[in-house]
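Reviewing the structure listed below.
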Amino acid sequence: MIWKELNDNLIFHNLKVSDNIEVLQLMGDAMIQEGYGEEGFTEAVLKREKDYPTGLDVDGIGVAIPHTDAEHVKKEGISIAVLDHPVEFDAMGEDDCRIPIKIVIMFTVAGKDKHIDRLLQILDMIKDEEILQGLLDAKNKEEIRTVIQKREKSDIN
């Protein structure tokens, strides 16, 4: 369950950044500081994002899902940033296409090839327009957590 893994120090509301590199550095460094990433985690995320972009346009809302290989991870976790204004990311699976991103979901997985399962879990969550709009409308970290918690509890029932 994603919401159980949400550490308040890894939730960023109305984050002001100038570009995608700044948001990835900020989130990656927070993952290291909170004990989720090894030294070099941030650099590995930046490199992977350059080689395998994660920007998605989900019904007009830009979402990026940056991550890196398990060798740079200490434990599993997730970080969510809702940006105060969109920054451009390269589109996943498309050359020469940039997407204005407003929500960034960075995650860590411990174990080779486990990132696919986590990525699918996140993709399933973000295809829900109500979730994305709830994240954009959230007024603080607690509301961000509540939006995700509500969705995951409804999945169980």
Heavy-atom side-chain proximity of D117 to V109 below 4.5 angstrom: no
So do I80 and L10 actually touch side chain to side chain, heavy atoms under 4.5 Å? no
Okay, side chain of K74, backbone of E38: is any donor-acceptor separation there less than 3.5 Å? no
Evaluate side chain to side chain contact (heavy atoms under 4.5 Å, CB included) for E22 paired with D19, printing each intermediate quantity in order. CA-CA 6 Å; E22 187 178 0; D19 59 26; 3.4 Å; yes
I122 versus I78: any side-chain heavy-atom pair under 4.5 Å? yes
NZ (K141) and CD (E143) are apart, to the nearest 0.5 Å, by 13.5 Å
H67 and F107 aromatic centres sub-6.0 Å: yes
Using side-chain heavy atoms (C-beta onward) and a distance below 4.5 Å, is T146 in contact with E142? yes
Is there side-chain contact between L56 and L123, with at least one heavy-atom pair below 4.5 Å? yes
Would you name the heavy atoms of F12 and A30 that are closest together and state the gap between them? CZ-CB, 3.8 Å
Treating T108 as the side-chain partner and Y36 as the backbone partner, does any N or O pair qualify as donor plus acceptor under 3.5 Å? no
S79 side chain to M27 main-chain N or O, any donor-acceptor pair under 3.5 Å? no
Taking E76 for the side chain and A110 for the main chain, is one N or O donor matched with an acceptor at less than 3.5 Å? yes
Linking I/L/V/M/F/W/Y whenever their side-chain heavy atoms sit closer than 4.5 Å, directly or via other members, would I101 and Y52 fall into one cluster? no
Could you report the tightest heavy-atom contact between R145 and D8, atom names first, then the distance? NH2-OD1, 2.6 Å
If you apply the rule side chain to side chain contact (heavy atoms under 4.5 Å, CB included), what do you find for V58 with I103, and how did you get there? CA-CA 11 Å; V58 183; I103 298 170; over 6 Å; no
Can you name the nearest heavy-atom pair linking P100 to P86, along with the distance? CB-CB, 3.8 Å
In residues 129-138, what donor-acceptor pairs under 3.5 Å come from side-chain atoms, sequence neighbours left out?
{"from": "Q133", "atom 1": "NE2", "to": "D137", "atom 2": "OD1", "distance (Å)": "3.1"}

As an exercise, state the distance from CZ of F41 to CG of D69, rounded to the nearest 0.5 Å. 10.5 Å
Would you mind reporting whether L26 and L24 have side-chain heavy atoms less than 4.5 Å apart? no
Could you state the interatomic distance from CD (Q121) to CD1 (I105), rounded to the nearest 0.5 Å? 10.5 Å
Please determine whether side chain to side chain contact (heavy atoms under 4.5 Å, CB included) holds for the pair E49 and F89, giving the CA-CA distance in whole Å, both sets of side-chain angles, and the decisive distance to 0.1 Å. CA-CA 9 Å; E49 186 67 27; F89 275 70; 3.3 Å; yes
For T42 and Q25, the nearest pair of non-hydrogen atoms, with its separation, is CG2-CA, 3.6 Å
R48 side chain vs T68 backbone, donor-acceptor pair below 3.5 Å: no
Quick check: do I65 and I126 have side-chain heavy atoms less than 4.5 Å from each other? yes
For the CG atom of D84 and the NZ atom of K16, what is their distance to the nearest 0.5 Å? 4.5 Å
One should read off an interatomic distance between K102 NZ and L83 CG, to the nearest 0.5 angstrom, of 6.5 Å
Identify the two heavy atoms, one from I32 and one from G40, that lie closest to each other, and give their separation to 0.1 Å. CD1-N, 4.4 Å
Heavy-atom distance under 4.5 Å between the side chains of N20 and E88, does that happen here? no
In terms of heavy-atom contacts, A81 and V23 come closest through CB-CG2, 4.5 Å
